[in-house]
Amino acid sequence: MKPSKREQIAQAAMQLFIQHGYRETSMDQIAAEADVSKHTIYNHFQSKEGLFIELVEQFICEQFQLEFNSDLSDEPAAGLRRLAQAFIAKLNNPEYAAFLRLLIAESGHFPHLAQLFIRRVIGEERHNLKQYFESHPDWHIGDPEVIAYIFLSSMSSLVLFQEVMHGKLILSIEQDRLIDQLVDLVLSNSAVQVLSPP
């Protein structure tokens, strides 16, 4: 089915924003790429800023939805490892890496978009993981919220440094190796005691 004019504009604009950045992309370029007039773009989105904000918000809310799916009857290490692998796999998508470069580059001009990403992706996943830890009191996790933050932040930063910032050859830690150590950290009583306040 042929996309609507609005979809044509959205697809063309996102491609150009990711390739060239917000400031370097003109409405003339978007019109040419979408094969529409500038007037048509303004009819749908009012301004370049409005178009950019709507596209980024939509991408975050639709494309970054992560399914927190772990059976509480799972063996702990297997359940945590599956959650970690799903989280990294989602963020590891080249399309997401390109989008994150754009989001970071424009975060100074559009801080609310960066905050939306943190709230909807990192914040919601941290909350879900905290609840998952709390559902396992037998693990004796002293501060589920902080451990959830450490767990997710470690994986997020690895993807950020390796994929988004092109540092894979410099920071050559295998993702499975990181996941193994994070799972050990969560499930090790001695590690939890070190991280918990006295």
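- Using modelled atom types, no side-chain atom of E62 and backbone atom of F59 make a donor-acceptor pair closer than 3.5 Å.
- In this view, H109 and R23 satisfy the side chain to side chain donor-acceptor pair (under 3.5 Å) rule, not counting sequence neighbours.
- Every residue was checked against the salt bridge (Lys or Arg N to Asp or Glu O under 4.0 Å) condition with E24, not counting sequence neighbours, and none meets it.
- Between F99 and V56 the shortest side-chain heavy-atom distance falls below 4.5 Å.
- In this structure, the side chain of E33 does not engage the main chain of A12 through any donor-acceptor pair within 3.5 Å.
- Among pairs with a residue in residues 29-57, those fulfilling ring-ring contact (aromatic ring centres under 6.0 Å, His included) read F17-F52, Y22-F52, F52-F110, at least two apart in sequence or across chains.
- Not a single side chain to side chain donor-acceptor pair (under 3.5 Å) links Q15 to another residue, sequence neighbours left out.
- With rounding to the nearest 0.5 Å, the separation of CD in Q85 from NZ in K90 is 16.0 Å.
- A 4.5 Å side-chain heavy-atom check between Y96 and L91 finds every atom pair outside the cut-off.
- In N93, the CG atom is crowded: over 12 heavy atoms of neighbouring residues, nucleotides or ligands sit closer than 6.0 Å.
- Legend: residues meeting side chain to side chain donor-acceptor pair (under 3.5 Å) with E54, ordered by chain and number and at least two apart, are R6.
- A77 pairs by the side-chain contact (heavy atoms from CB on, under 4.5 Å) definition with E75, R81, V183, L187, not counting sequence neighbours.
- Partner of V36 under the side chain to side chain contact (heavy atoms under 4.5 Å, CB included) criterion, chosen from I30, N43, I41: I41.
- Side-chain contact of N92 with Q162: a donor-acceptor pair under 3.5 Å is absent, judged by distance alone.
- The NZ atom of K5 sits 8.0 Å away from atom OG of S37, with the distance rounded to the nearest 0.5 Å.
- With sequence neighbours left out, the salt bridge (Lys or Arg N to Asp or Glu O under 4.0 Å) criterion links E49 to no other residue.
- Rounding to the nearest 0.5 angstrom, the gap separating the CD atom in Q19 from the CG atom in L102 is 11.0 Å.
- The closest side-chain heavy-atom distance from L160 to I104 is below 4.5 Å.
- Counting heavy-atom neighbours within 6.0 Å of M27 CE, excluding the residue itself, gives a total above 12.
- Taken from CD1 in I60 to CD1 in I118, the straight-line distance is 9.5 Å, to the nearest 0.5 Å.
- The salt bridge (Lys or Arg N to Asp or Glu O under 4.0 Å) search around E134 returns K130, not counting sequence neighbours.
- Under the salt bridge (charged side-chain N to carboxylate O under 4.0 Å, His left out) criterion, the residue pairs touching residues 156-170 are E163-K168, with sequence neighbours excluded.
- For the residue pair S47 and G50, the shortest heavy atom distance occurs at OG-N, 2.9 Å.
- Taking the side chain as every heavy atom from C-beta outward, L80 and Y132 approach each other to under 4.5 Å.
- The side chain to side chain donor-acceptor pair (under 3.5 Å) check on D176 picks up nothing, with sequence neighbours excluded.
- The shortest side-chain heavy-atom distance between E106 and L113 does not fall under the 4.5 Å cut-off.
- Using modelled atom types, no side-chain atom of T25 and backbone atom of H20 make a donor-acceptor pair closer than 3.5 Å.
- Rounded to the nearest 0.5 Å, atoms CG (L55) and CD1 (I18) are 9.5 Å apart.
- Here the CG-CZ distance, from L129 to F133, works out to 3.5 Å after rounding to the nearest 0.5 Å.
- With sequence neighbours left out, the salt bridge (Lys or Arg N to Asp or Glu O under 4.0 Å) criterion links R101 to no other residue.
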Side-chain atoms of residues 145-158: list all donor-acceptor pairs with protein atoms under 3.5 Å, sequence neighbours left out, distances to 0.1 Å.
from, atom 1, to, atom 2, distance (Å)
S153, OG, Y149, O, 2.8
S154, OG, I150, O, 2.8
S156, OG, L152, O, 2.9
S157, OG, S153, O, 3.1
S157, OG, S154, O, 3.0

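- When the shell of 6.0 Å around NE2 of H112 is examined, it contains more than 12 heavy atoms from other residues, nucleotides or ligands.
- The side-chain heavy atoms of R119 and L116, taken from C-beta on, include a pair separated by under 4.5 Å.
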